2 protein chains.
Amino acid sequence: MSAGLPISEIGALVGDPGRANMLSALFDGRALTASELAWSGGVAASTASEHLAKLVAGGLISVAKQGRHRYFRLASPEIARMLESMMVVANNADPAEPRRRATPRIAPNLRRARTCYDHLAGQLGVGIADRLVAQDIVVLGDEAGELTQSGLAWLERFGIAAEPSGRTRRLLCRPCLDWSERRPHLAGRLGAALCRRCGELGWIERERDSRAVLVTPSGLRGFAEVFGLSLA
Amino acid sequence: MSAGLPISEIGALVGDPGRANMLSALFDGRALTASELAWSGGVAASTASEHLAKLVAGGLISVAKQGRHRYFRLASPEIARMLESMMVVANNADPAEPRRRATPRIAPNLRRARTCYDHLAGQLGVGIADRLVAQDIVVLGDEAGELTQSGLAWLERFGIAAEPSGRTRRLLCRPCLDWSERRPHLAGRLGAALCRRCGELGWIERERDSRAVLVTPSGLRGFAEVFGLSLA
DNA sequence: CTGATGCTTCGGCCAGGACCGAAGCATCAG
DNA sequence: CTGATGCTTCGGTCCTGGCCGAAGCATCAG
């Protein structure tokens, strides 16, 4: 019911480097403790505490206390969507300027495979998207993607059941510009389902305290057999 | 190719009230002069000039000089998408806090009908969306909408041809949370096409120097006949 | 109980940046 | 040419807000 914040408040919340780094760290949908976020933000614990209080007050993140830890997470998928759209703009912006001090370097394991909110990103995510398009399982556009008829069958063989209802609750398939690869990977319900299924199959494991995803030995075989991906 | 700006820079650009107001003024896709934007931002011309320079440097807006005027517009549809997603977050955020000084009051004509980037918003926009859903012309979800079979025929009768190709270049139909009505209206290619067609029919006219849209007398009849809308 | 750990509050420092008015250019009208 | 208008640059003021360290609470381990 409330009239909501002015849009500038939202911008200002994301506009501080420390807070932006914290939000980026939360972007994969996991809950992190205040200490972890202080480290992500590159600030002292006291400063981080102030930042986190503002983010909570602004409704961008929510908090759950558990023992002597406080776990913070993004407050809603809308927040993740907003951050994503801001990343898209940030990546396209300002082609002339010499970079001030952009992301210094991408850790190789992050570049290899990581999560992006609830789906797979990095070389793995982009590779999967490429193969699904090449095999005519999905047709991908600028803002949305569609599952082909044969794609539906393929998915069931892979162990992902067709959605029962809620046909438009959340977009089935959406391209998401990959931050490190600069090419789209799959988001939306399909992206999340693929990520979940790969976890069930034991093909991937999430690393502690990081968005990085580890491909298991059986995953190496699986991605090669099913997707034709050779993950160097 | 460039690594792009850090996301915090983007946030900071939107994070100033003056700049945010200017961007909101540009949100309907039109080009405005520096003076007009100074007024929108509620700052002196000199201050506005500095803000505009920053927005241009950050790639959020582009400029075209024409005589002794300089016309500014949003640099790309991605920017509009980003602003929209930020508005969604702003509207949902912070249900507790007493509003600091939100948008003081919505001008009645803006509330009645206005443009939102390239489609219709306000009571008119929401009303159209309601009717199209009620008449089973579109099915609307949280993130996307679909045109029904009968809807396709209806659209052709209304004078909107089926899209020839580019089936997924831009999302056909997308709900967009209406800022004043707090309910969705239609965006995407369909929203833009409807807005354009209503203009062709002479049902609506854009007001000068404002996002407000005027419903003409023939528009009053048209909206009543075709959509069953009585626009008080 | 005592001590360690996680987090927040407090006090104080400091820089960035938002702001304005006046002056300086550019463009157009006459 | 002169004067009006649109916009930017410059100089200077002011204050918000980010930052830290130290101290204060809470929670858990022993």
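Reminder, nothing fancy here: chain letters follow the sequence lines and each chain counts from 1. Worth saying up front: this structure is predicted, and the values here are computed from it rather than measured.
Residue A/R70 places at least one side-chain N or O under 4.0 Å from the OP1 or OP2 atom of C/dT8. A sub-4.0 Å separation between OP1 or OP2 of D/dG17 and a side-chain N or O of A/K54 is absent. For B/H51 and C/dG17, the shortest distance from a side-chain N or O to OP1 or OP2 is not below 4.0 Å.
Between B/K65 atom NZ and C/dA26 atom P there is a gap of 9 Å when expressed in whole angstrom units. Counting to the nearest Å, the C1' atom of C/dG17 and the CD atom of B/E9 are 13 Å from each other. The separation between B/H69 atom NE2 and D/dT8 atom C1' is 16 Å, rounded to whole Å. Going from atom CG of A/L32 over to atom C1' of C/dG6 covers 15 Å, rounded to whole Å. The CZ atom of A/R19 sits 12 Å away from the C1' atom of D/dC19 (whole-angstrom rounding). When rounded to the nearest whole Å, the span between CG of A/L37 and P of C/dG6 equals 14 Å. Distance CH2 (B/W39) to P (D/dT5): 20 Å, rounded to an integer number of Å. Atom pair A/N21:CG and D/dG18:C1' shows a separation of 14 Å (rounding to whole Å applied).
Shown here, D/dC25 forms a base pair with C/dG6; the pair counts as Watson-Crick or G-U wobble because both key distances fall under 3.5 Å. Look at C/dG30: its Watson-Crick or wobble partner, with both distances under 3.5 angstrom, is D/dC1.
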Could you go through nucleotides 20-25 of chain C and list every protein N or O atom that sits under 3.5 Å from one of its N or O atoms, giving the distance for each pair?
unit_1	atom_1	unit_2	atom_2	d
C/dC20	OP2	B/A44	N	2.9
C/dC20	OP2	B/T47	OG1	2.9
C/dG21	O6	B/S46	OG	3.1

Just the table, please: protein N/O against nucleotides 28-30 of chain D N/O, every pair under 3.5 Å.
none

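Taking all atoms of both residues into account, the shortest heavy-atom contact from B/A34 to B/F72 is CB-CE1, 3.8 Å. Closest non-hydrogen pair, B/L124 versus B/A113, comes out as CB-CB, 3.7 Å.
Rounding to the nearest 0.5 angstrom, the gap separating the CD1 atom in B/I79 from the CG atom in B/L26 is 11.0 Å. Atom CG of A/N21 and atom CG of A/L37 lie 10.5 Å apart (nearest 0.5 Å). Taken to the nearest 0.5 Å, the NE2 atom of A/H119 stands 8.5 Å off from the CG atom of A/L186. In this structure, A/R81 CZ and A/L74 CG are separated by 14.0 Å, a value rounded to the nearest 0.5 Å.
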Inset, instruction - Tell me, with the steps shown, if A/I61 and A/M22 meet side-chain contact (heavy atoms from CB on, under 4.5 Å). - result: CA-CA 10 Å; A/I61 63 178; A/M22 294 179 182; over 6 Å; no
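When atom types are taken as modelled, the side chain of B/S24 and the backbone of B/A20 share a donor-acceptor pair closer than 3.5 angstrom.
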What side-chain donor-acceptor pairs closer than 3.5 Å can you find for residues 194-203 of chain B, not counting sequence neighbours?
unit_1	atom_1	unit_2	atom_2	d
B/R197	NE	B/F158	O	2.8
B/R197	NH1	B/E200	OE1	3.0

